[in-house]
Every structure is written in structure tokens, then in C-alpha cells.
J.: 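Here it is: the structure, laid out below.
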Amino acid sequence: MAHNKEALKEGCYGDDVREHILEFAANGGYEAIPEDERDTWFTRFKFWGLFHQRDGQESYFMMRLTNASGVLEPGQLRAIGEVAREYANGPVANPEFGNGWIDLTTRQSVQLHWLELEGVPEIWEELESVGVHSRSAGGDTMRNISGCPLHGKAEEFVAAGPLLERFEEELRTDDALANMPRKFNISVSGCTVGCAQDSLNDIGFEPATKEIGVSGEAGGSSDSSDGGEEVRGFNVRIGGGLGGRQPRAATPLDVFVRPENAYEVGRGFVELYHDYGDRQNRSKNRARFFAEDWGMAKIRETLQAEYVDFEMHTAGEDVREEYTYNAGKPVEAGQHDHVGVGDQKDGGNYVGLSVPVGRLPAEDAIELADLADEYGSGEVRLTRRQNPVIVDVAADDLEALLAEPLLETYPAEPSPFERGAMACTGTEFCSIALTETKARMARMLRWFNENVELPDDVGTIKMHYSGCTADCGQAMTADIGLQGMRARKDGEMVEAFDIGVGGGVGENPSFIDWVQQRVPADEAPGAIRNLLEAYAAHRACETPEESREDGDSEARSASSRASGQGPRAEAVRGQSFREWVDATAEEQLVEFCVPEETDFEAPYMADAKQSWYPFAEGDSAAAPAADDSAAPSDD
């Protein structure tokens, strides 16, 4: 028997939902939706990127936008910022971020909060007038397509732009494929950095080469070498994803496609999952479970027999060993994010800014759009690390751009902690999160900057914070991953973290191992400091033997503070954090990561979703007291 959500979608889904949203908006908004039908309509609204916020925030919605591979064309970021300034204002200000802001997401898109349904028609009109939309941004459908944020600008092994555009313009607009068994993620990498993180997607296309015999037509089946040519194209992986503490790296499908044939394979797998995917058990019906259940051979055979018109090649030679994006390698090994100044293939430059936890006030977003117009082409790219990139900056303009006041707030050379930070939405708006995330992470970043010293050549510590096991903040792929939990402290339930280490993507993706669980939120920064001081101390040793032998007094001091013992990890000078984790025994990591109360202040610890808004004193979002319109600032 199909899950009950299938019945809700069957009645109305996809493009048809839009007219109902407009009708409700015109007739009173939230109150126009019959009370006994609200859950049904909220499920359907998600296809148009419209999510009702959590309990207690009745009548307010989040809107997720969609822009394939993070490309915001000239004028689009400004329009988004102006919409946020006018419409995205809640009844209580966030003490860390104020009111009226946008959230940059880990899928290279944008989210707006505190929207009322009556304003949606005007919001759509303003955004769509510049080419921004929210269709297919949520629900059981193909989500925003991820890709190299600098495709077409930076050097690529194979051009990703044409395939990304075709997926966006032809596949995601097909209403016959709107109703998928579950959400479905597609990615395309054209570079050798690995920045689209294909291993974490339901289907990912990664650059590869293959020698194809002269008898093999474009996309043909001949894999024999009979005077053939080396062709650049894509290998295909399927079934990757995070969440539920059941992360999976995508599995090679053993298929290579030329660029001109990649769309057909991508569409074929979407159709296959649409037709055969499980619609009964929603806890086990993401594409990663489907791929595991069917196996690569059966999927490949079915694709060939029912969905693809040409004979597919077996996999080519990939370039994964060159991947450096969040790969846990030392900074000097190559690009690990898009923060900073970089070269474009046309002689221009890009400038990537650090927006810790991805939250950008509307006025700052508008100012960023102004800078993109003044110093670049007006185009802004968004990355999978919740950061914006200004492109097409002339070399002569770099100094002036880097001196702009806005870049003091969002620098191109941030601290290692700010550079590596990501965070999901958390209990501020999410109905399934267990902890508040973004404001707490912002406070922790300031505390780490002031209280933790790292070696000068440690460019970043990837610290990702998810408010629950759904892992929208990608904690599983971090140097240090935090997942929201609950714990009992001093007789009451408080917000807490599970702390894991050693995650990353790259050539061989790895997911974090848990070293501490249910650490109260006010003790977690101390635990992380202890861990990082042990890393810094061991890293200063020249050899593993020196590390094990209590190499110097600094190593003894920091490591003893963390574990009560001298350093015993297999460390050598210059290791990245992930390399150090890999070389260190698990029991040692547990001993290093000792929870500790510090002077870090952790407000909202006892909220645990008991109030309608973690930062509010009022009883309800629908009717806040007149003097409760804003929470006091704790900046």
C-alpha cells in the first residue's frame, strides 16, 4: 500500500499547485486554507518551494528559490535582497542577525523566512521578472541542481555548463516527472576540484576520459582500442546522500558518457527511479536505498533496455585523485573551497567571500549585488559551502574591491573557523531539529577565534552543524561534525551535541566517527578546543616517534590538558586535521575531546523547542505582545 503522502500528491501536485497558492493568497492567505486541509496543502506547497514554518509560527512560510549550480545573473541577487527587505520580517528579531535576511544553502540556492501567504504573488512577480523562481525547490521532486559554481569561468576538464543548463531547462521543467518517490538530487562536476560533491548526490556526473575505438560512434558501445581516440566526458555515480545516520557515498555505475549523451543517461535514471522507486516506506525510499536494493548491474541493464537509446560505455578513467574540495588535504595541496581570490580562464578574477553559517542581511545582499555590478559583470555565484563569489573582476580592480567595507564583514581571507563553518536552519524554523544552530554557531565562531590558536598554515577547520540527524548541515562530511541532540544536565533537559571527527569528500569520501555524544551545548566549545589544542600540539612534532615521546613542552601542555596524558598520536608536522584524525587511535581522540565548561555563554540551552521561537518571550508568533516585537540584542 502506498504511503498516505502519495494520496495527497496524487490529488494535486506539480505545476497545478501554483494556482491554488495564488487563490489562497487572494482570499485571506493562511486563514483561507480550511483547517482540516492544511497538512495536505502544506505538503503540496513544497513543490513550489513554500514550506510552512514550525509549530507556533502559524501563518508564516519559508520560500526556497532555485538557481542551477548557484548562478545568480546580474540583477537577481539584488531582487532577492529587496524581497527579503520588504517581506522577510518576523514578529521578533533574531538577536544575532536581526530581521530581514537571506540564507544561502548547501545546494547553492537561497531561502527566505517569515513570509506570509498574502505576499507570495508579489514576491513571485518581483523574482520572476528577473528570472528567479521557486518551482521544484522542495517536496518529492528534483531539487536545485548542483554543479561547479565557477563553470564557464574557471578552467574545466570538461564543460559542465551545457549539461547543467539542459537538466534545468528540460528535465526539471517536465511536469510529468514532478512527483518523484522522494526528493532527488543531481550534480555535475566539470573541474578536477570535485566541488559539486557528486558522491553525495542521487546521481552525479564527474569528469573522466575513455579511449573509444574508431568503430564506436558518439555514445556507441565499442570499448576496444583499434586506433581510437581519447574522449573526455563523464563517469556516472548513483545513490549518494546523507541523513538518518545512514550516509552513503554514491556508487560507480560503471558507465562513461560523452557530454552530448550525458543528458539522456541522467534523464533515464530519473525516469527509472520515478517508475520503479518505492512509494510505500518513506524511511527507506531515497534513491540511495533504491540503488542498494537493485544493485548497479540491474540498474545499468534496465537503463539500457528501457530508457537509453544508445549502447553505454563502461566507465572511463576518472580524475578523483586530484579532488581537493573538502577532501581533508593540506591547504597547499589545492583548492578546498571558493573563498579568496582566484584566476578565471579569460584572464579575469573571482573573489569568494566568507559568510559564516550562510546568513546574509538583506541590506548586505543588496550591497554585495552593487559590488558585483561595480567591480565585476554583476553576476554572483553561490557555492555548496553557503558562500557567494563575485566573478569577472579585473586585476586592476582587485585592490579596491578587497578594501570595500563590506569585505570586512565577509572577508576573502577569513579565520580558519569562519572559513570552514556551515550550519542548517535549526529549531529557529525547522520542525524536526533538536537544537538552535545558526546563532549558536556564530557565537562559537567568535569564541574559537578568541580562545583557540592554530598553526599559521592551517587554513581552515571544516566545522559543520546539523540540528538533527537529517544532516542538512552536512555534519557527516566535516573535519568536526556537530549534530543536535538532547541531554540532561543539572536535572533539566538541555540542548546538546554529538561530536564527530574525520569526515570529508574528495577521492575517497569518509564520514565522521563519533567521539563524544550528548555533550551539553555549554560544554561543547570546551571539548572542541581541547581536541584542537591536542591536534596543534601533535602536529608540531616532526615524527610519530617524537609525538609518542612527548616531543616538547608545548605538546605536553596542550595534550595533557585534553587527555591527562602526553601525546601518543601518530602525528607529523604539517598534517591536515583529517590526516591527523586518520593517524590517531579512536580512543585517543575520545580522550582529547573532553567536554569542559568554559566562559562560553550558551543562551537558549533549555528551550529545546518548548517555545514558539528560541529568541522570543511572547507566547505565539500569531499574536506577540506589543512590547515583545524584538528580542534584546546580545551582540
J.: Checking side chain to side chain donor-acceptor pair (under 3.5 Å) for the pair Arg578/Ser510: CA distance, chi angles, key distance, verdict?
T.: CA-CA 10 Å; Arg578 180 173 162 187; Ser510 65; 3.1 Å; yes
J.: Between the side chains of Thr383 and Asn387, does any donor sit under 3.5 Å from an acceptor?
T.: no
J.: Could you walk me through whether Ser146 and Gln197 pass the side chain to side chain contact (heavy atoms under 4.5 Å, CB included) test, one step at a time?
T.: CA-CA 8 Å; Ser146 293; Gln197 300 187 136; over 6 Å; no
J.: If I compare all heavy atoms of Pro414 with all of Val339, which pair ends up nearest, and what's the gap?
T.: CD-CG1, 3.6 Å
J.: Indicate whether any N or O donor in one side chain lies under 3.5 Å from an N or O acceptor in the other, for Gln108 and Asn67.
T.: no
J.: Is the closest basic N to carboxylate O distance between Glu428 and Arg440 below 4.0 Å?
T.: no
J.: Under 6.0 Å from the six-membered ring centre of Trp612 and within 45° of its axis: does the NZ or CZ of Arg54 meet both?
T.: no
J.: Salt bridge check, Arg248 against Glu292: does any charged N sit closer than 4.0 Å to a carboxylate O?
T.: yes
J.: Indicate whether any N or O donor in one side chain lies under 3.5 Å from an N or O acceptor in the other, for Thr460 and His336.
T.: no
J.: Do Gln386 and Arg359 get their side chains close enough for a donor-acceptor pair, meaning under 3.5 Å?
T.: no
J.: Measure the CD-CZ distance between Gln111 and Phe51 for me, rounded to the nearest 0.5 Å.
T.: 7.5 Å
J.: Which atoms form the tightest heavy-atom contact between Phe600 and Met444, and what is the distance?
T.: CZ-CG, 3.5 Å
J.: Would you find a donor on one side and an acceptor on the other, under 3.5 Å apart, between the side chain of Asn235 and the backbone of Ala315?
T.: no
J.: Passes side chain to side chain contact (heavy atoms under 4.5 Å, CB included), Val501 versus Asp479? Steps please.
T.: CA-CA 5 Å; Val501 297; Asp479 289 330; over 6 Å; no
J.: Under 3.5 Å, is there a donor-acceptor pair between the Gln474 and Lys462 side chains?
T.: no
J.: Has Asp55 got more than 12 heavy atoms of other residues, nucleotides or ligands less than 6.0 Å from its CG?
T.: no
J.: Which of parallel (below 30°), tilted (30 to 60°) and perpendicular (above 60°) describes Phe592 and His538?
T.: tilted
J.: Give me each pair satisfying ring pair (Phe, Tyr, Trp, His ring centres under 6.0 Å) with a member in residues 455-476, each pair once, sequence neighbours excluded.
T.: Tyr465-Phe497
J.: Kindly say whether Phe289 contributes a backbone atom to a donor-acceptor pair with the side chain of Arg286 at under 3.5 angstrom?
T.: no
J.: Tell me, with the steps shown, if Thr105 and Val110 meet side chain to side chain contact (heavy atoms under 4.5 Å, CB included).
T.: CA-CA 6 Å; Thr105 80; Val110 177; 5.9 Å; no
J.: Does the pair Asp254 and Arg237 meet the rule for a salt bridge (charged side-chain N to carboxylate O under 4.0 Å, His left out), with working shown?
T.: CA-CA 8 Å; Asp254 193 20; Arg237 288 179 173 252; over 6 Å; no
J.: Considering non-hydrogen atoms only, spot the tightest contact between Val494 and Pro520 and give its length.
T.: CG2-CB, 4.2 Å
J.: Which heavy atom of Ala433 sits nearest to which heavy atom of Cys468, and what is that distance?
T.: CA-CB, 4.0 Å
J.: State whether Arg245 and Asp498 are salt-bridged, where the test is any N-O pair (Lys NZ or Arg NE/NH1/NH2 against Asp/Glu carboxylate O) under 4.0 Å.
T.: yes
J.: For Phe577 and Trp580, take the angle between the two ring planes, folded into 0 to 90°, and tell me which bin it lands in: parallel under 30, tilted 30 to 60, perpendicular over 60.
T.: tilted
J.: Report the C-alpha separation of Tyr613 and Trp114 in whole Å, then their side-chain angles, then the decisive distance to 0.1 Å, and conclude whether the ring-ring contact (aromatic ring centres under 6.0 Å, His included) test is met.
T.: CA-CA 12 Å; Tyr613 192 53; Trp114 293 122; 5.3 Å; yes
J.: Any sub-3.5 Å donor-acceptor pair from Asn285's side-chain atoms to Phe290's backbone N or O?
T.: no
J.: Side chain to side chain contact (heavy atoms under 4.5 Å, CB included) between Cys430 and Ile432: does it pass, once the steps are laid out?
T.: CA-CA 6 Å; Cys430 179; Ile432 63 174; 3.5 Å; yes
J.: What is the ring orientation for Phe429 with Trp101, classed by angle as parallel under 30°, tilted 30 to 60°, or perpendicular over 60°?
T.: tilted
J.: Is Lys489 salt-bridged to Asp522, going by a charged N under 4.0 Å from an acidic O?
T.: yes
J.: Under a 4.0 Å threshold between the charged nitrogen and the carboxylate oxygen, would Arg419 count as salt-bridged to Glu413?
T.: no
J.: Side chains of Ser69 and His151: does their closest heavy-atom pair fall under 4.5 Å?
T.: yes
J.: Mind telling me whether His338 and Tyr325 have parallel, tilted or perpendicular rings, with 30° and 60° as the class edges?
T.: tilted
J.: Keeping Glu579 on the side-chain end and Ser576 on the backbone end, is there a donor-acceptor pair under 3.5 Å?
T.: yes
J.: With no hydrogens and no angle check, just 3.5 Å: does a side-chain donor-acceptor pair link Asp198 and Ser189?
T.: yes
J.: Looking at residues at least two apart in the chain, or sitting in another chain, which of them share a side chain to side chain donor-acceptor pair (under 3.5 Å) with Glu418?
T.: Ser415, Asn449
J.: Looking at every non-hydrogen atom in both residues, tell me the closest pair between Leu253 and Ile238 and how far apart they are.
T.: CD1-CD1, 3.9 Å
J.: Any side-chain heavy atom of Cys191 sitting closer than 4.5 Å to one from Gln335?
T.: no
J.: So which heavy atom on Ala478 is nearest to which on Ile512, and how close?
T.: O-CG2, 3.3 Å
J.: Would you call Arg486-Glu495 a salt bridge at under 4.0 Å N-O?
T.: no
J.: With sequence neighbours left out, what residues match Asn201 under side-chain contact (heavy atoms from CB on, under 4.5 Å)?
T.: Arg107, Asn185, Ser187, Arg384
J.: Any chance the side chains of Gln53 and Gln57 put a donor and an acceptor closer than 3.5 Å?
T.: yes
J.: I'd like to know if Asp202 pairs up with Arg288 as an ion pair, taking the criterion as any Lys NZ or Arg NE/NH1/NH2 lying under 4.0 Å from an Asp or Glu carboxylate oxygen.
T.: no
